[in-house]
Peer 1: 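Below are the structure tokens for one structure; questions will follow.
Given the structure is predicted, the values throughout are model-derived calculations rather than measurements.
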Amino acid sequence: MSHHNPEKDDEDSAKRLEAEAKKLEAEELEKKAEEIEKTAEELEAEAKKLEEEAEELDKKEIDVIFNEKYPVKVYGKKQTGLSLKQAAIEQKVPIQLDFILSIELGGGKTEVIGNDDKIKVKEGDRFLAIPDDDNS
């Protein structure tokens, strides 16, 4: 006759329930982690969209002067030497793309801006565009 131990059954049941609870907890944590990751990705996409919108707003009209007398409108603070010359030419300033461009810094000082140089333009900036005399 086999002797049945009810306490042993209770202990096994408790262990089974504990294991089941741990498994459910792990699954729940995994689901939460996936949700958090998804939310993070959505927030990242939203941030990128807002950044792009901010850049569009940054494209406000800025008035600059070319060669002492030609008002030129550029759109957005971020420009390159080339984009400035293109804007000036489109607005009938008598210069060419191969002209040397420089910005007047005041006090008779200027700084040359290459076509690929990035520059932040502000209202009233003054530029000089002159022919490149180097005929080599």
Peer 1: Report, one line per pair, each donor and acceptor closer than 3.5 Å where one atom sits in a side chain of residues 11-20; sequence neighbours left out.
Peer 2:
{"unit_1": "Asp12", "atom_1": "OD1", "unit_2": "Lys8", "atom_2": "NZ", "d": "3.4"}
{"unit_1": "Ser13", "atom_1": "OG", "unit_2": "Asp9", "atom_2": "O", "d": "3.1"}
{"unit_1": "Ser13", "atom_1": "OG", "unit_2": "Arg16", "atom_2": "NH2", "d": "3.4"}

Peer 1: Is there a side-chain contact between Ile103 and Leu84, using heavy atoms and a 4.5 Å cut-off?
Peer 2: no
Peer 1: Give, for atom CG of Asn67 and atom CG of Leu101, the distance between the pair rounded to the nearest 0.5 Å.
Peer 2: 9.0 Å
Peer 1: Would you find more than 12 non-hydrogen atoms of other residues, nucleotides or ligands less than 6.0 Å from Glu44 atom CD?
Peer 2: no
Peer 1: Among residues at least two apart in sequence or on other chains, which ones pass side-chain contact (heavy atoms from CB on, under 4.5 Å) with Glu123?
Peer 2: Ile62, Asp63
Peer 1: Can you name the nearest heavy-atom pair linking Lys73 to Ala87, along with the distance?
Peer 2: O-CB, 4.2 Å
Peer 1: Determine, using the 4.5 Å side-chain heavy-atom cutoff (strictly less than), whether Val64 and Leu97 are members of one ILVMFWY cluster.
Peer 2: yes
Peer 1: Give the minimum heavy-atom separation between Asp125 and Lys120, together with the two atoms involved.
Peer 2: OD2-O, 4.2 Å
Peer 1: For Ser83, which residues count as a side chain to side chain donor-acceptor pair (under 3.5 Å) partner, sequence neighbours excluded?
Peer 2: Gln79, Thr80
Peer 1: Among all residues two or more places apart in sequence or in another chain, which pass the side-chain contact (heavy atoms from CB on, under 4.5 Å) test with Lys32?
Peer 2: Glu28
Peer 1: Count the heavy atoms of every other residue, nucleotide or ligand shown that sit under 6.0 Å from CD of Glu61, and state whether that count exceeds 12.
Peer 2: yes
Peer 1: Would you please name every residue forming a side-chain contact (heavy atoms from CB on, under 4.5 Å) with Gln96, sequence neighbours left out?
Peer 2: Asp98, Phe99
Peer 1: What closest approach, in Å, do Ile100 and Val112 show between heavy atoms, and which atom pair accounts for it?
Peer 2: CG2-CG1, 4.1 Å
Peer 1: Tell me the ring pair (Phe, Tyr, Trp, His ring centres under 6.0 Å) pairs involving residues 11-46, sequence neighbours left out?
Peer 2: none
Peer 1: Side chains of Ile65 and Glu104: closer than 4.5 Å at any heavy-atom pair?
Peer 2: no
Peer 1: Is the number of heavy atoms from other residues, nucleotides or ligands within 6.0 Å of CD (Glu37) greater than 12?
Peer 2: no
Peer 1: In Å and rounded to the nearest 0.5 Å, what is the CG to CD1 distance from Leu128 to Ile95?
Peer 2: 10.5 Å
Peer 1: Using a 4.5 Å cut-off on heavy atoms from C-beta on, say whether the side chain of Val93 contacts that of Phe127.
Peer 2: no
Peer 1: Nearest 0.5 Å, what's the NZ-CD distance between Lys38 and Glu35?
Peer 2: 8.5 Å
Peer 1: Measure the spacing between NZ of Lys92 and OH of Tyr70 and express it to the nearest 0.5 Å.
Peer 2: 13.0 Å
Peer 1: Are Phe66 and Leu105 linked, directly or through intermediate hydrophobic residues, by side-chain heavy-atom contacts shorter than 4.5 Å (ILVMFWY only)?
Peer 2: yes
Peer 1: Quick one: closest heavy-atom pair of Gly81 and Ile113, and the distance?
Peer 2: CA-CG2, 3.7 Å
